[in-house]
Asks: 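Got a structure here, written out as C-alpha cells. Questions coming.
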Number of protein chains: 2
Amino acid sequence: MSWRKEQRRAERGYHHGNLKEALLQAALGLIAEKGAAGFTFADAARMAGVSAAAPYRHFRDRDELLSSIAQRGFEQFEARLTEAWDDGRPDTVTAFERVGRAYLAFAREEPAFYNAMFESGLPVDANAALQAASERAFNVIRAAAERLAALASPGTPRPPAMMMALHIWSMAHGVASLFSRGDAARRKLPMSPDELLEAEVLIYLRGLGFPTDRRPQAKSAEPPPVPPEASSGSGVPPGGPWGKPK
Amino acid sequence: MSWRKEQRRAERGYHHGNLKEALLQAALGLIAEKGAAGFTFADAARMAGVSAAAPYRHFRDRDELLSSIAQRGFEQFEARLTEAWDDGRPDTVTAFERVGRAYLAFAREEPAFYNAMFESGLPVDANAALQAASERAFNVIRAAAERLAALASPGTPRPPAMMMALHIWSMAHGVASLFSRGDAARRKLPMSPDELLEAEVLIYLRGLGFPTDRRPQAKSAEPPPVPPEASSGSGVPPGGPWGKPK
DNA sequence: CAGCTCATGTGAACGATCTTTACATGAGCT
DNA sequence: AGCTCATGTAAAGATCGTTCACATGAGCTG
C-alpha cells in the first residue's frame with residue numbers, strides 16, 4: 001500500500017520539481033476521460049504522486065486550475081485557427097472553410113481543452129487573462145470574416161464582419177458540441193460532422209451572396225468580377241453543397 | 001437548530017406524500033441557480049425537508065434524477081416547439097423562424113432544463129426514455145424542415161430535410177449556448193441573440209434558394225411562384241437580414 | 001562551507017457530499 | 001385489529017475540497 005508512495009518519493013525526492021506542469025497534464029488527462037465535472041483535484045494530485053494539499057501551492061483552488069487549462073486551450077486554439085487560416089491562402093473561401101474544419105478538429109482532438117473552455121461552466125470573465133485569450137482566438141475568426149466580407153458582390157450591401165464571425169462561431173460550436181464530441185458523437189447522423197459543418201457554412205456564404213466555387217482571387221482592393229452563377233438563378237450550383245440528391 | 005426539522009416533520013408527518021415531485025422541483029431550482037454541476041443530491045433532499053437518504057427511494061442515484069429532469073425538459077421543449085411551429089401557419093418561413101425564436105426562448109427561460117438537457121454531461125443514450133424524448137423534440141424541427149424543403153424553388157435541387165434540420169439545430173444550439181444563457185450571456189454582442197439567430201437562419205435559407213420575404217403561401221402541393229428577388233441578382237433584399245449597413 | 005530563508009510538500013483534521021445498511025413508521029388492505 | 005410494504009431515518013464509510021501547523025531542502029549570503 002504505502003511502499004508505493006515511498007517509492008515514488010524516493011524516485012523524485014521531497015520536492016517534485018515541476019508540479020504545476022504535472023498537475024496541468026494530469027488534469028488534462030482526467031478531464032478527457034471523465035469530463036470537467038468528473039475531474040477532482042485530489043485525483044490530479046494523486047496522479048502527480050503528491051499529497052492532496054500540494055496543489056494548493058500552485059493554484060488557489062480547483063477553479064483556478066480549470067481556468068488555467070481553459071486559458072491554455074484558447075491559446076492552442078488560436079494557434080490552430082491561425083495556422084488553418086494561413087492568411088487567406090490560396091483563396092479566401094477555401095481558407096475560411098479550412099478554419100471551420102480546424103475548429104471541429106480541435107474540438108475532436110482536444111476534448112479536454114474544449115471541455116474546459118466551453119463546457120466546464122466556469123464564467124467567461126472568471127479571469128482577465130482567460131477572457132483575453134478567448135478574445136484573441138475569436139479574433140482569428142473575426143479577421144477572416146473581415147476579409148470575406150470585403151469580397152461581397154458589388155451592388156450588394158456588405159455584411160457586417162462581426163456578425164458573420166458570430167454566425168460562423170455559433171455554427172461551429174453548435175456542430176461540435178451536438179455531434180462531434182464524446183457522448184454527443186453517438187447521435188446518429190446521415191453525414192460526418194465535418195461535412196455537416198462544411199455544407200452549413202457554404203450555404204450560409206451563398207446566402208450572403210458570395211461565390212462559393214473557391215476560385216483563387218487576386219488580393220486586390222476591388223472585388224473580383226462576379227462569377228456568372230452568383231448573378232443568375234438562385235446561385236445554386238448543380239448538386240449543391242450537400243452533394244447530389246437522388 | 002433541530003426544532004426546525006421537527007417542525008417540518010410535524011407539519012407533514014413521517015411520510016412526505018409527494019417526495020418525487022418535490023425533489024424534481026427542488027433540483028430544478030438548484031440547477032437554475034448553480035448549474036447542473038453545482039447541484040447536489042443532499043441539497044435537494046434538504047430543500048424538500050427530508051433526510052439525505054430519502055431520495056434514494058425514488059431515484060437510483062443523482063444521475064437518474066438529472067436524466068429525469070432532462071427527459072421532462074425535452075418533453076416541454078417539444079411542446080414549445082410544436083406550438084411555435086403551429087403547423088406552418090401563416091406561412092412556412094415565418095413559422096420556421098418562430099421555431100428558432102422558441103428555441104432560444106426556451107434556452108433563456110428554462111435554463112435549468114436546458115442545462116440538464118444539453119450541458120450536464122450525461123450521455124445521450126443514458127436512458128431509452130430520455131433518448132426517445134430527445135428524438136421527438138428534434139422531430140419537430142425535422143418535420144418543419146421537411147415542409148420547408150418542399151418549397152425549394154423549381155429547377156433547384158431540393159435540399160435534404162434532415163440536413164437542414166441538423167443545420168438549424170446546430171445554429172440554435174450554438175447561439176443559445178454561446179450567447180444566450182447564464183455566464184455566456186456576458187459576452188458582449190452587437191445585437192441580441194434572437195436577432196443574431198434570426199439573421200443567421202434567414203441568410204442560411206436564402207443560401208438554399210428560399211424566398212425569405214414571408215409572403216403567406218397557399219398550402220398547395222406545388223411550390224408558389226418564385227418571387228422576383230429570388231431569381232434576380234444575388235437574391236439579397238435591400239438592407240439584408242442584418243438591417244441597414246451604414 | 002555554514003547558516004538562513006522561503007518556496008514547496010506533508011499529514012492531520014474539518015465539514016460536506018454520495019451512497020449503503022439496518023431500522024422505524026404508518027397508509028392501505030384484508 | 002393486524003399485516004405488509006412503500007417510504008423515510010439515522011448512522012456509518014468513502015471521497016473531496018480546503019486549511020493549518022509543520023517538515024524539507026534548494027539556493028542565496030557571507
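In what follows, chains are A, B, ... by sequence order, proteins preceding strands, each numbered from 1. Small disclaimer: the values here were computed from a predicted structure and weren't measured.
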Asks: Just to be sure I follow the notation: if a pair is Watson-Crick (purine N1 to pyrimidine N3 plus N6-O4 or O6-N4) or a G-U wobble (N1-O2 and O6-N3), each under 3.5 Å, what dot-bracket string does DNA chain C give, with | for pairs to another strand?
Replies: ||||||||||||||||||||||||||||||

Asks: Between B:Phe41 and B:Phe59, how do the two ring planes meet: parallel, tilted or perpendicular, split at 30° and 60°?
Replies: perpendicular

Asks: Whole angstrom is fine here: how far is it from CZ in B:Phe39 over to P in C:dA16?
Replies: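 About 18 Å, once rounded to whole Å.
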
Asks: Using the six-membered ring wherever Trp is involved, compare the ring planes of B:Phe118 and B:Tyr103 and label them parallel, tilted or perpendicular (cut-offs 30° and 60°).
Replies: parallel

Asks: Over all strands shown, is A:Ser51 touching base, sugar-phosphate only, or nothing at heavy-atom distances under 4.0 angstrom?
Replies: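 Base, at least one base atom sits under 4.0 Å.
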
Asks: Can you measure A:Lys34 atom NZ to D:dC16 atom C1' for me and round it to whole angstrom units?
Replies: 12 Å

Asks: Please report, rounded to the nearest Å, how far the P atom of D:dA26 is from the CG atom of A:Asn18.
Replies: 15 Å

Asks: Return the orientation label for the B:Phe106 and B:Phe77 ring planes: parallel under 30°, perpendicular over 60°, tilted otherwise.
Replies: tilted

Asks: How many whole angstroms separate atom CG of A:Asp43 from atom P of D:dA14?
Replies: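 Roughly 17 Å, once rounded to whole Å.
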
Asks: Atom CE of A:Met47 and atom C1' of D:dT15: how far apart are they, to the nearest Å?
Replies: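 In whole Å, D:dT15 C1' and A:Met47 CE are 15 Å from each other.
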
Asks: Please list residues of residues 52-66 of chain B whose heavy atoms come under 4.0 Å from any atom in DNA chain D, ordered by number; otherwise none.
Replies: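 The answer is B:Ala53, B:Ala54, B:Arg57, B:His58.
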
Asks: Please state how far atom CZ in A:Phe41 lies from atom P in D:dT18, giving the value in whole angstrom units.
Replies: 7 Å

Asks: In whole Å, I'd like the distance from the CG atom of B:Leu19 to the P atom of C:dG26.
Replies: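 After rounding, the reported distance stands at 16 Å.
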
Asks: Using the side-chain hydrogen bond (donor to acceptor under 3.5 Å, both in side chains) rule, collect all pairs that involve residues 130-140 of chain A, keeping only residues at least two apart or in two chains.
Replies: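 Listed once each, the pairs would be none.
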
Asks: Kindly say whether the aromatic ring centers of A:Phe74 and A:Phe113 come within a distance under 6.0 Å.
Replies: no

